[in-house]
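Please read the structure below before turning to the comments.
Quick note on labels: first sequence line is chain A, next is B, and so on, each numbered from 1.
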Amino acid sequence: MRLGEFLGEPCYAAPMSETNERAAEDRYEPATLEPKWQAYWEAHRCFEAKRTPGKPKLYALDMVPYPSGSGLHVGHPEGYTATDIVSRARRMQGYDVLHPMGWDAFGLPAEQHAIQTGTHPRDTTASNIATFKRQLKSLGFSYDWSREVDTTDPGYVRWTQWIFLKLFEKGLAFQSEVPVNWCPELGTVLANEEVIDGKSERGQHPVVRLPLRQWMLRITQYADRLDAELDGLDWPETKGKQRHWIGRSEGAEIDFAIEGHDATMTVFTTRPDTVPGVTYVVLAPEHPLVAQITTAAQREAVSAYLDVTKSKSDLERTELGKTKTGVATGAFAVNPVNGDKIPVWVGDYVLAHYGTGAVMAVPAHDERDHAFAKTYGLPIVQVVRRADGKAHDFDAAAFTDDGVSTALRSDAKVAEGTPSAEVRKQVIAWLESEKRGRKKVTYRLRDWVFSRQRYWGEPIPIYFPVDCDGDPRAEGAEYKVRYDKPIAVTESELPLRLPELEDYRPGEDPAGPLARAKDWRFFQKDGQWYARETNTMPQWAGSCWYYLRYIDPRNDEQIFSQEAYDAWMPVDLYVGGSEHAVLHLLYARFWHKALFDIGVVKHAEPFHKLVHQGMILGENGEKMSKSRGNVINPDDVVKSHGADSLRVYEMFMGPLEAVKPWQTNGVEGVRRFLDRVWNVAVAATKSGDAAMDDETKRAVHKTIKKVTEDVEGLRFNTAVSAMMILVKQLQALPAVPKGAVEPLVLLLAPFAPHIAEELWQRLGHGESLTYAPWPTFDAALCEDAEVEIGVQVNGKARSVLRLAKDESQESAVAKALADAKVTAHTDGKTVAKVIYVPGRILNLIVK
RNA sequence: GCGAAGGUGGCGGAAUGGCAGACGCGCUGGUUUCAGGUACCAGUGGGGUAACACUCGUAAGGGUUCAAGUCCCUUCCUUCGCACCA
């Protein structure tokens with residue numbers, strides 16, 4: 001019998017003429033139905049986050065987007081759909097849900113647009129936000145828009161500045177004149193994290209190191225906690241990236257006396273066990289001792305070397321790092337454990353900004369030292385041998401692993417054959433007792449350069465006294481800003497707003513464009529002139545704490561109320577791109593810990609569970625970009641197939657975390673699935689109350705179980721697959737029972753909320769399904785009493801048997817031996833062994 | 001170079017150590033249609049067969065096991081981080 005023969009009314013395989021007669025209202029038309037439900041949700045404020053005592057809560061957070069001029073990209077809805085599904089499912093499961101959205105809207109593009117067109121960055125930002133918001137709304141995300149946050153809003157900036165003042169009070173914000181990453185092209189300094197291979201992360205412009213007065217945040221003070229407290233977090237490999245960036249390293253600082261000088265040079269090493277093998281020491285070219293100790297004979301060679309080094313950019317110094325260069329200073333140091341006289345060299349493979357800017361060289365046990373020693377003919381002295389006794393060719397390469405000590409010529413007595421780890425302890429103890437060194441932990445992490453020479457950012461709420469005769473604003477006035485005497489703006493005067501400017505261009509002047517707003521910059525109080533800080537905060541500032549403002553976004557009295565904090569924090573699920581692994585996510589953790597220390601927040605960590613959605617590539621498998629012409633615009637997909645199809649497709653593509661290419665045919669496949677859901681559900685509304693057979697009932701319960709568990713585990717692709725299977729099965733029924741369709745519609749709702757609402761209504765429900773109870777499953781119905789299990793003979797699959805789930809072994813074997821496909825392989829042989837796992841496998845071993 | 005993740009049909013991808021390839025795309029055939037499209041039905045890893053049978057298959061090679069995509073070892077490749085961090 002073919003299916004078409006017993007399908008009665010309503011018929012989805014109906015002939016054309018009948019289809020045409022079918023009422024328009026019976027067709028699935030996302031273009032009319034989606035705006036209808038979006039308007040409904042908005043009018044009924046369905047997603048406003050409210051807290052009810054006793055109920056569990058979910059704080060599901062998307063990384064705050066930068067509203068760029070090009071609008072939403074298909075990558076955005078991927079993570080947003082994931083958090084939306086979890087939010088919607090949890091609402092149905094009785095959770096109070098906070099699911100907010102906002103704008104990280106300070107930043108360079110709007111400022112550059114302003115330079116080119118004269119449009120105020122505020123206007124550009126507002127129109128970009130409007131575009132983003134329209135697009136996000138068209139996708140049906142269940143955000144509580146009443147909590148929308150904009151980092152450029154004065155009501156928000158006020159609290160960003162407030163946090164800065166707290167950091168300033170605690171000594172965590174300070175000024176420093178250190179070499180920083182100055183990018184002439186962008187007219188600003190950049191954080192270490194924003195410089196990649198000597199170029200700006202944004203725009204790939206060259207970056208040079210210049211000493212400039214800067215505001216810094218003392219993130220290094222939190223290095224240890226930022227590292228250690230990653231432990232309890234449910235985060236992916238990002239933890240490892242942060243650990244590496246923080247770069248905690250345990251070792252010792254060791255002092256080397258310099259012959260003929262009072263000065264000692266201090267090195268940091270993780271291998272104090274190799275000190276007896278030190279055959280020379282190396283200073284970074286920038287090290288202050290270089291000038292002091294260089295001998296007359298070497299002066300010329302050293303200064304020539306320093307000149308060459310200076311002319312190299314950071315990029316060249318690291319890229320050409322294969323051959324190590326250096327020059328002897330002519331001075332000698334004394335090995336602190338055996339008194340050996342060893343030469344002091346200068347070499348640019350030693351980094352001025354790590355450790356002490358000086359290293360002890362152990363060519364036998366460090367690759368870099370080995371290469372350097374080979375180049376300049378310096379001695380190689382072995383002090384560690386392999387624990388397994390195997391030989392090592394020290395002429396060819398360094399032996400860098402731990403091993404055991406050789407007979408050492410050392411005043412720090414260590415027994416021959418002691419394991420390296422133990423030697424380290426003993427040597428450190430000896431150095432400490434001799435006051436020639438000490439145990440030390442260093443970090444790769446640097447303090448955070450926090451000022452930018454830009455307009456479109458939060459003004460730093462600090463001002464300075466000005467030494468000046470008369471009005472410093474006067475043309476040609478001479479004045480001196482006393483940067484050594486920073487004064488905090490009074491809290492009640494916050495927010496400190498940006499001045500209006502004619503010209504947003506960065507100057508060559510590192511004071512930045514705000515310095516040109518003289519009436520804003522200078523002010524007089526009690527006869528004394530003062531100057532405001534003209535640098536602004538980096539874009540990261542606003543996104544460091546936005547998740548805290550969502551919990552109480554309109555509070556004018558406090559950053560947020562304690563009740564709001566207790567109601568919603570911490571963030572339960574945080575989804576965003578992995579490109580923020582060491583930038584935003586580290587900065588935000590740092591601010592959170594600083595706020596924790598002053599009692600503003602109550603958890604040491606803000607984000608409990610973190611997930612990075614994988615990038616969506618173009619159809620050709622390449623990264624989407626305008627220049628490659630492979631960009632998919634979500635607006636177009638919404639227009640052609642609807643928001644629900646876009647959402648479901650993006651979830652169906654593959655695992656959330658995976659990088660995966662877009663396939664337009666795939667969207668069409670999902671659209672067909674939604675069409676089938678529609679047809680099946682509409683059929684159910686007309687089929688009266690068809691009874692549900694046992695098999696259908698089981699299928700429904702299995703699907704509920706699968707989708708429930710997959711949503712929990714963020715395995716959305718397999719959840720969609722499970723629903724597809726159920727729909728196929730329902731579609732084949734002569735009459736579709738409402739009792740099967742209703743749970744299906746509820747399961748689908750978080751994924752495809754518009755079609756689900758529409759069908760829910762058509763199934764006779766008067767209210768939105770936003771808070772309809774999530775379907776539950778009966779575990780007993782999820783397991784079949786009878787299952788098909790594979791029958792193997794000698795490990796090879798030979799047949800399939802339908803057996804009771806708990807069929808006894810005797811019975812199973814008997815049934816197998818009654819099967820011709822099995823006996824074909826067992827005849828004439830004896831069954832030597834039976835492996836039987838009920839419900840899984842039957843394997844007969846025959847001889 | 002170091003670190004992490006991974007390599008399964010034509011494609012995206014499924015598989016608590018238990019019938020590999022769920023689901024979707026694509027493709028083939030069919031029904032409906034004047035036709036195309038849609039919708040629906042059937043098929044779709046390779047070899048082999050009229051059809052079965054059988055056989056080979058999860059990057060390559062070895063191992064553990066009654067049984068390996070899954071566990072272990074070696075090698076190759078891909079992607080993503082980091083890259084003189086002493």
| request: Scan A/K821 against the nucleic acid and name what it touches under 4.0 Å (heavy atoms): base, sugar-phosphate only, or nothing. | output: nothing
| query | Side-chain N or O of A/H825 less than 4.0 angstrom from OP1 or OP2 on B/C54? | reply | yes
| Between the side-chain atoms of A/N665 and the base atoms of B/C25, is any donor-acceptor pair under 3.5 Å? | no
| Across the strands shown, which category fits A/E788 at heavy-atom distances under 4.0 angstrom: base, sugar-phosphate, nothing? | base
| message | Quiz question: by atom type and distance under 3.5 Å, do the side chains of A/Y649 and A/D644 form a donor-acceptor pair? | response | no
| field | Euclidean distance for C1', B/C77 against B/A60 (whole angstrom) | value | 10 Å
| query | So, the side chain of A/T279 versus the backbone of A/P379: is there a donor-acceptor pair under 3.5 Å, distance only? | reply | yes
| Working for salt bridge (charged side-chain N to carboxylate O under 4.0 Å, His left out), residues A/E783 and A/R698 | CA-CA 8 Å; A/E783 291 190 33; A/R698 285 179 182 278; over 6 Å; no
| query | Using a cut-off of less than 4.0 Å, is there contact between a side-chain N or O of A/R444 and OP1 or OP2 of B/A83? | reply | yes
| query | Phosphate oxygens OP1/OP2 of B/C54: is one of them under 4.0 Å from a side-chain N or O of A/R798? | reply | yes
| query | For A/G669, which contact category applies under a 4.0 Å heavy-atom criterion: base, sugar-phosphate, or nothing? | reply | sugar-phosphate
| Among B/G13, B/A86, B/G18, which is the nearest nucleotide to the side chain of A/K660? | B/G13
| Looking for any heavy atom pair under 4.0 Å, which part of the strands does A/D369 touch: base, sugar-phosphate only, or nothing? | nothing
| said: Any N or O donor-acceptor pair under 3.5 Å from the base of B/C84 to the side chain of A/K324? | reply: yes
| note | 5' to 3', nucleotides 69-74 of chain B under a 4.0 Å protein heavy-atom cut-off (B base, S sugar-phosphate only, - none) gives ------
